2 protein chains.
Amino acid sequence: MRQMIEERTGSHSRHPTLCEPHIAHMRFTAHATVLHEGDPARRIMEVVEGAVMLTKLLPDGRRQVVELLGPGDVFGLAACDVYACSAETLTAAIITTHERGALDRDPTLAARLLRRFEAQLCAMHSHALVLGRMSALERVAFFLLRLTPESVVGSTLHLSMTRQEIADFLGLTLETVSRAFSELKRRGLVALLRADEVKIHDHGGMRRLAGAA
Amino acid sequence: MRQMIEERTGSHSRHPTLCEPHIAHMRFTAHATVLHEGDPARRIMEVVEGAVMLTKLLPDGRRQVVELLGPGDVFGLAACDVYACSAETLTAAIITTHERGALDRDPTLAARLLRRFEAQLCAMHSHALVLGRMSALERVAFFLLRLTPESVVGSTLHLSMTRQEIADFLGLTLETVSRAFSELKRRGLVALLRADEVKIHDHGGMRRLAGAA
DNA sequence: CTCTAAGCTTGAGCTACATCAAATCGCGGA
DNA sequence: TCCGCGATTTGATGTAGCTCAAGCTTAGAG
């Protein structure tokens, strides 16, 4: 039901067209697997359009969504020679890839990725604060603010994640996330039009909850 | 009592000598503040020697140690124009700084920092998994393994952090960290020679606990 | 329009960790 | 050597969020 037409989901063959160096852009449907944790790390990828989530699994199946990516964000990283995270699209998405060697040969690319890495590292630092020190309600408030670009203030925000995915991002259970949404609604901070459509009513109150995020 | 001679702690004047562009290396004593969250982000820094921790604070004083750095690691990052984290030395340390503009002018530097950013981003991804999905005992086991370079296997590991600092890194309280240490000892996985000296007895058992980290 | 299944909400009870409160340890200084 | 203070350990109790278990909502298929 969540799956759509699936032109190229990446879930059938695990390295779809990654070996052809000249195919720069790849198009994915929503809920497609782009790459798998543990696969050989051949290329570095960049989100051109759409939203992607990076996940890690524990042997017993516990999952953490470690990062949410939008246009410009970089993934496909590796501490050793295999990917450290899996990547799945949240929406339809366009993704570019670069050979790992290109980083040394192309200073412009390197400079661009460097800036992006800096931003992503800062975002991860914030996320560590969220995961380590914030209450469930604060986490959800923070999450909603983080998804709210200036343009969307006042209008309605579309979540392209299930409660389970949000929970795995925030280090909670889906029930706790659901209860937090209900509580934010009860307090008049947000309105829930549908389960996946939120309108932030009291931006100031949300910021206060989220620790002036 | 934790403080030593303090040649230049950085805690007296908040921008010690950061403005002189030609002073490349700075020497800090243990437990010195290198930079403050919220200060104007003038330079990018690199650990040459020693250990540094990056921390973030919530308005009400809750603290998270977001990253632990060793030689080669980079800090002093900013999403906007101010530092996103404070940085304190854990041990005596030597630190280099680079002008932010140097990243564009010096491709060699950019390439080196890029590699390091990749490693640090991967480490943050792991840390998100730890903070979001692991039990207290698993977190502490993971922490101890992470601090154990191959060279130290078998020999004794010196923690240069208090229980409170470890707790703030792992998203726990100092009491819970202390109990976890005791439990690891009880299970025969580690020996506690002193509060800050640990010997890992059962490396396999620790890895299993930490989720094959 | 109805049926179905995935996703969401809500309730009741449980548990891991936090909090509060004493001891106890161990190092630096007198 | 003894003292004092910060750090650590340990115990007793509280609670936020997890787990288990219903129902409810909604969108897509027939």
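Since we're looking at a predicted model, the values are computed, not measured. Because only heavy atoms are used, hydrogens play no part in the values below, and waters and symmetry mates are left out as well, while side chains stay in. By convention in this document, chain letters (A, B, ...) are assigned in the order of the sequence lines, proteins followed by strands, and residues within each chain are numbered from 1.
- Pairs engaging residues 180-190 of chain B under the side-chain hydrogen bond (donor to acceptor under 3.5 Å, both in side chains) rule: B/Glu183-B/Arg186, B/Glu183-B/Arg187 [sequence neighbours left out].
- When rounded to the nearest whole Å, the span between CD of B/Glu138 and P of C/dA16 equals 12 Å.
- Of the side-chain N and O atoms in A/Arg194, one or more sit less than 4.0 angstrom from OP1 or OP2 of D/dA27.
- A cation-pi arrangement, defined by a distance under 6.0 Å to the six-membered ring centre and an angle within 45 degrees of its axis, is absent between A/Arg116 and B/Phe117.
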Handout entry: Reading 5' to 3' through nucleotides 15-22 of chain D, protein heavy-atom contacts under 4.0 Å coded B for base, S for sugar-phosphate only, - for none
Key = --SSBB--
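- In this structure, CD in A/Glu67 is found 4.5 Å from CD in A/Gln120, a value given to the nearest 0.5 Å.
- When distances are taken from the side chain of B/Ser182 to each of D/dT10, C/dT10, C/dC27, the shortest belongs to D/dT10.
- Distance CG (B/Leu170) to P (C/dA16): 19 Å, rounded to an integer number of Å.
- Between the CG atom of B/Leu174 and the C1' atom of D/dG6 there is a distance of 12 Å, rounded to whole Å.
- At whole-Å resolution of the value, CZ in B/Phe181 and C1' in D/dT9 are 12 Å apart.
- B/Glu197 has its CD atom 13 Å from the C1' atom of C/dG26, to the nearest Å.
- A salt bridge links A/Glu46 to A/Arg112: one of the charged nitrogens lies within less than 4.0 Å of a carboxylate oxygen.
- In this structure, B/Leu193 atom CG and C/dG26 atom C1' are separated by 15 Å, rounded to whole Å.
- Distance, B/Gln164 CD to C/dT19 P: 10 Å, rounded to whole Å.
- Counted by atom type alone, B/Ser135 and B/Glu138 present one or more donor-acceptor pairs between their side chains at under 3.5 Å.
- A salt bridge between A/Arg62 and A/Asp168 is absent, with no side-chain N of the basic residue lying under 4.0 Å from a carboxylate O of the acidic one.
- Put simply, CZ on B/Arg163 is 13 Å from C1' on D/dT10, counting in whole angstrom units.
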